[in-house]
Novice: 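What follows is a structure written as structure tokens; I'll ask about it next.
Labels below follow one simple rule: chain letters A, B, ... track the order of the sequence lines, proteins then strands, and each chain is numbered from 1.
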Amino acid sequence: GAGVSQSPSNKVTEKGKDVELRCDPISGHTALYWYRQRLGQGLEFLIYFQGNSAPDKSGLPSDRFSAERTGESVSTLTIQRTQQEDSAVYLCASSLGVAAGYTFGSGTRLTVV
Amino acid sequence: GQQVMQIPQYQHVQEGEDFTTYCNSSTTLSNIQWYKQRPGGHPVFLIQLVKSGEVKKQKRLTFQFGEAKKNSSLHITATQTTDVGTYFCALGPTDKLIFGTGTRLQVFP
């Protein structure tokens with residue numbers, strides 16, 4: 001597609017449930033990133049994929065968070081046993097490489113009740 | 001770790017006034033990028049600066065990279081209501097961008 005696609009756009013889940021967020025990057029973009037943005041706050045780095053290299057998971061806040069990417073295409077971010085502090089907008093971005101501008105998706109707004 | 005301070009945190013201006021946001025790093029940067037996020041939207045890439053002292057312009061927006069490559073500024077001349085949003089600097093490249101805290105701009109008609 002022409003842009004980065006994320007689904008679902010909104011997700012309300014009960015505390016303790018698992019959720020899976022999906023990101024379709026721009027075709028040909030080798031780099032894919034996940035960021036978290038709490039209400040009124042900045043962007044918090046979570047994880048980064050570059051081609052077939054091992055992902056940089058240094059931003060994942062706990063072992064309840066994990067992410068996968070199939071080759072240079074779709075990525076999923078999974079949050080297990082969700083907590084209220086996980087409520088945020090989860091943004092995915094892709095780029096042509098480390099020195100290129102990012103194209104962000106519209107995000108998934110996660111609300112844990 | 002790398003710290004990214006943006007000032008001011010908020011700025012309210014009358015339409016037609018100028019606006020400037022500053023981004024300061026505790027370390028020397030390889031490059032810096034700027035993004036704009038409209039209310040309820042997602043960040044949109046504006047520009048990348050690479051060279052020491054570099055100045056780039058996009059219509060009413062002027063971006064500058066400091067001589068020591070530790071700071072940057074974004075200046076908007078004669079703001080319009082369409083300029084409303086949050087402006088983020090982002091430090092790189094290493095392998096991922098570290099985003100500043102952002103400056104929220106409100107423009108009153």
Novice: Taking all non-hydrogen atoms of both residues, which atom of B:V84 and which atom of B:K36 are closest, and how far apart?
Specialist: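 Of all heavy-atom pairs spanning B:V84 and B:K36, the closest is O-CE, 3.5 Å.
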Novice: Please enumerate all residues that pass side chain to side chain donor-acceptor pair (under 3.5 Å) together with B:T103, with sequence neighbours excluded.
Specialist: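 Residues passing side chain to side chain donor-acceptor pair (under 3.5 Å) with B:T103: B:T21.
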Novice: Regarding B:E54 and B:K56, does a basic nitrogen lie under 4.0 Å from an acidic carboxylate oxygen?
Specialist: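 Yes, this pair counts.
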Novice: Are A:D18 and A:R81 ion-paired here, with the side-chain N under 4.0 Å from a carboxylate O?
Specialist: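 No salt bridge links A:D18 with A:R81.
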Novice: Below 4.5 Å from any heavy atom of chain A, which atoms of B:Q6 appear? Answer side chain, backbone, both or neither.
Specialist: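 Contact with chain A: none, neither part.
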Novice: Only one of B:F88, B:Y87, B:F45, B:F63 clears ring-ring contact (aromatic ring centres under 6.0 Å, His included) with B:Y35; which?
Specialist: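 The passing option is B:F45.
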Novice: When only pairs under 4.5 Å are counted, which of A:S106, A:G59, A:G40 shares the most heavy-atom pairs with chain B?
Specialist: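 Looking at each of A:S106, A:G59, A:G40 in turn, A:S106 comes out on top.
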Novice: Examine whether an atom of A:L43 lies under 4.5 Å from a heavy atom of chain B, and if so say whether it belongs to the side chain, the backbone or both; otherwise answer neither.
Specialist: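 Contact with chain B is through both the backbone and side chain of A:L43.
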Novice: Which region of A:E44, side chain (C-beta onward) or backbone (N, CA, C, O), has a non-hydrogen atom less than 4.5 Å from a non-hydrogen atom of chain B, or is it both or neither?
Specialist: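 For A:E44, there is no contact with chain B at all, as no heavy atom is under 4.5 Å.
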Novice: With a 4.5 angstrom heavy-atom cut-off, could you sort out which part of A:F45 is near chain B: side chain, backbone, both or neither?
Specialist: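 Answer is side chain: those atoms of A:F45 sit under 4.5 Å from chain B.
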Novice: Report which part of A:S58 has an atom under 4.5 Å of a heavy atom belonging to chain B: side chain, backbone, both, or neither.
Specialist: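 Contact with chain B: side chain only.
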